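Contents: one structure, followed by commentary.
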Amino acid sequence: MTPNLTPGSTKAQKLARKTLAREANRIREISGADLLRNPGRFAANHQHVLGILFDWSNQRIDSDSMTALESLAEAWNLDEFLQAVSRGAKVNSSEGRSALHMALREPRVESSQNEPQFVQDRCEFLDFADSVRDGAVRGFNGNAFTDVVHIGIGGSHLGPALVCDALTADNRLSVHFCSNADRRVLNELLAKLDPARTLFIVASKSYATHETLENARFVKDWMYERVDSNADIAQHFVHITSKQDLNVGMERVLRISRSIGGRFSLWSAMGLPIALYLGSKRFLDLLKGAHEMDRHVLGSSLSNNVAVRSALLGLWNANYLGATSHLVLPYDSRLKLLPAYCQQLEMESNGKSVGSDNQPVDYNTSPVVWGGLETDGQHAWHQFLHQGTQNYSADIVASLDALPASTNLESHQWILANAVGQSSVMLKGNNANSVEAHQVIPGNHGSTLIFLDKLDAHTLGSLLAMYEHKVAYLGHLWGVNSFDQWGVEEGKRVSGILASSLRGENTEDVDESTIQLLRTIRARFKTR
Ligand code: F6P
């Protein structure tokens, strides 16, 4: 069991922590089936906000434990925390920066003379996107663009890829995503594309990410090998970055503020592929959905704030009920990339063991976040979930907008029944007295059902903004900085040294065992 978590030394914080520990001991003695006997449970544990139904009935809570969680939220001033974030407080303490992702979706003030920089930047990339879609911006030989290749990784990839995958668009432009250094993916993609009609986006906040820069170099060479030397290919490249002094000649550069975290950046120019795919109007719908979620979390009481509830239950499961992982389980193929998006958002934000005060923490912070498309998962990891030895929590996400035609409705209803059924079994398990030992399903795993009335730009924007706020609230409760990611740097440094060692260039700073491994790899390395 992890010790009771959360730092905090005020009297209210100590009392909240003590009460919560007592509540956890009580709840652990109540079976999931008994929790569900309360007839008023659904009424007390669901909210319908911005076209999204959040149902917490299958979480391991009752009214007293939920009250204790809300007391913790008050003791940690979660409402003031997010107000401070929205006002630009330097919450990214290690880098001395704000976290201004909410400003990105502030609507334009039409009458305003001097538009904020974010709005000017937004207008620039949306106008460019529409110009490409309308054929006003064309390739070197006057052909309109038909394909876009977005080159980026992590936060410069996952959000845009998720949104483009989730939402259907007209087929004016085909948008392709290339994230890692495996050239097989890029080679297979380029083989299908016409250089004269392809627009490349090089997306990197730092403009220092090896995979992205190498892929950018590769596609530039690919272009040069296929067009006349006198062709002006500047129109075929757009760069999205926070790097101030980027010199790319006549090629277009779209800027992102350094106060926008990569995993919080899809609302910025990083969302260019979304705007190219959906058009500016629907991109603005995405922003509107996120902005309305911002208004919900900034304007609601703690007990009515769906992101606060999500964060409190994340903390409750991870630190008081012993959950070591949290699953994101989409029961809709359009949301198959949601688990990967949430993995980075949650684990890169809160996968930390030193607090913002630079002191080590003595409790668990982010759980392992994983998952995948359902109902496929029911044939892959649900045995583990229902009879394994690890405790977990889950978000089960589905959409209620079935495809047209009754046959599709029947299959859609079957999928929804599985979403609800699996959530129920996760909590209730089965009746141990009526089955043999190897058939017992203990249950006692909490899950939240999240049902979108309709999967469109607006509800997707609201959902993703809710997850951003959940992560920020959780980081504040855990006392960590959710907006930096120092932990990724050492792996990059060592890998760079080993890459040159693999090329036989140097073996400094490399231990003998690794040197022998590299020699073995080099000896067996074959280029086809
Ligand atoms: O290495 C981690 C990381 O910095 C993420 O935080 C970021 O989203 C990703 O790599 C890509 O970084 P960049 O946009 O600077 O290429």
Side-chain angles (χ1 to χ4, degrees), residues 91-101 104 121 125 149-164 177-182 185-186 200-220 237-248 251-274 337-352 365-366 369 464 467-468 471-472 475 480-499:
V91 287
N92 179 352
S93 47
S94 68
E95 296 175 306
R97 293 179 193 157
S98 311
L100 296 178
H101 44 284
L104 293 170
D121 294 345
F125 77 83
V149 177
H150 181 87
I151 298 171
I153 197 166
S156 299
H157 162 73
L158 290 165
L162 164 61
V163 175
C164 289
F177 289 88
C178 172
S179 55
N180 72 41
D182 183 344
V185 173
L186 200 47
F200 292 99
I201 302 173
V202 182
S204 177
K205 273 193 64 201
S206 63
Y207 223 85
T209 301
H210 176 85
E211 299 93 327
T212 302
L213 300 187
E214 285 304 301
N215 284 336
R217 238 188 295 282
F218 186 79
V219 298
K220 183 71 71 80
F237 289 88
V238 186
H239 305 264
I240 304 172
T241 186
S242 297
K243 186 174 171 63
Q244 293 303 312
D245 55 350
L246 184 64
N247 179 8
V248 286
E251 295 169 9
R252 183 183 294 267
V253 180
L254 297 171
R255 300 278 175 208
I256 300 181
S257 161
R258 292 162 66 85
S259 292
I260 303 296
R263 50 194 175 271
F264 299 87
S265 66
L266 74 87
W267 324 98
S268 70
M270 191 58 73
L272 175 64
I274 301 171
L337 298 182
L338 183 62
Y341 172 83
C342 288
Q343 272 180 335
Q344 186 203 18
L345 183 62
E346 300 226 25
M347 295 169 81
E348 192 164 86
S349 295
N350 294 331
K352 295 172 183 160
T365 52
S366 176
V369 176
L464 299 185
Y467 275 123
E468 287 180 342
V471 161
V480 299
N481 174 357
S482 298
F483 303 104
D484 65 5
Q485 54 283 325
W486 294 102
V488 303
E489 297 311 322
E490 181 63 4
K492 293 177 184 177
R493 185 189 71 82
V494 171
S495 305
I497 291 170
L498 296 188

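Atoms within a ligand are numbered from 1 in the order they appear, just like the ligands themselves. From a predicted model like this one, the values you see are computed outputs, not experimental measurements.
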Sequence neighbours left out, cut at 3.5 Å: what donor-acceptor pairs do the side chains of residues 341-348 make with other protein atoms?
| residue | atom | partner | partner atom | Å |
| --- | --- | --- | --- | --- |
| Gln343 | NE2 | Val369 | O | 3.0 |
| Gln344 | OE1 | Gly155 | N | 3.2 |
| Gln344 | NE2 | Glu348 | OE1 | 3.0 |
| Glu346 | OE2 | Lys470 | NZ | 2.8 |
| Glu348 | OE1 | Arg263 | NH1 | 2.9 |

Worksheet item: Do the charged groups of Asp484 and Arg97 touch, with an N to O distance under 4.0 Å?
Response: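 No salt bridge links Asp484 with Arg97.
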Item to complete: Go through the structure and list residues passing ring-ring contact (aromatic ring centres under 6.0 Å, His included) with Phe177, not counting sequence neighbours.
Response: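 With sequence neighbours excluded, Phe177 shows a ring-ring contact (aromatic ring centres under 6.0 Å, His included) to His150, His157, given in chain and number order.
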Discussion item. Minimum heavy-atom separation for Thr209 and Ser204, please, with both atom names.
Written reply: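 Thr209 and Ser204 have their closest heavy atoms at OG1-OG, 3.8 Å.
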Worksheet item: Can you pull the residues with any heavy atom under 4.0 Å from ligand 1?
Response: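 Contacts of ligand 1 under 4.0 Å: Ile153, Gly154, Gly155, Ser156, Ser204, Lys205, Ser206, Thr209, Gln344, Glu348, Gln485, Val488, Lys492.
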Worksheet item: Looking at Phe237, does the NZ or CZ of Lys220 lie under 6.0 angstrom from its six-membered ring centre and within 45 degrees of the ring axis?
Response: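 Yes, Lys220 sits over the ring of Phe237.
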Practice prompt. Would you mind listing every salt bridge (charged side-chain N to carboxylate O under 4.0 Å, His left out) that reaches into residues 207-219, with sequence neighbours excluded?
Written response: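 Qualifying pairs, neighbours excluded: Glu214-Arg217.
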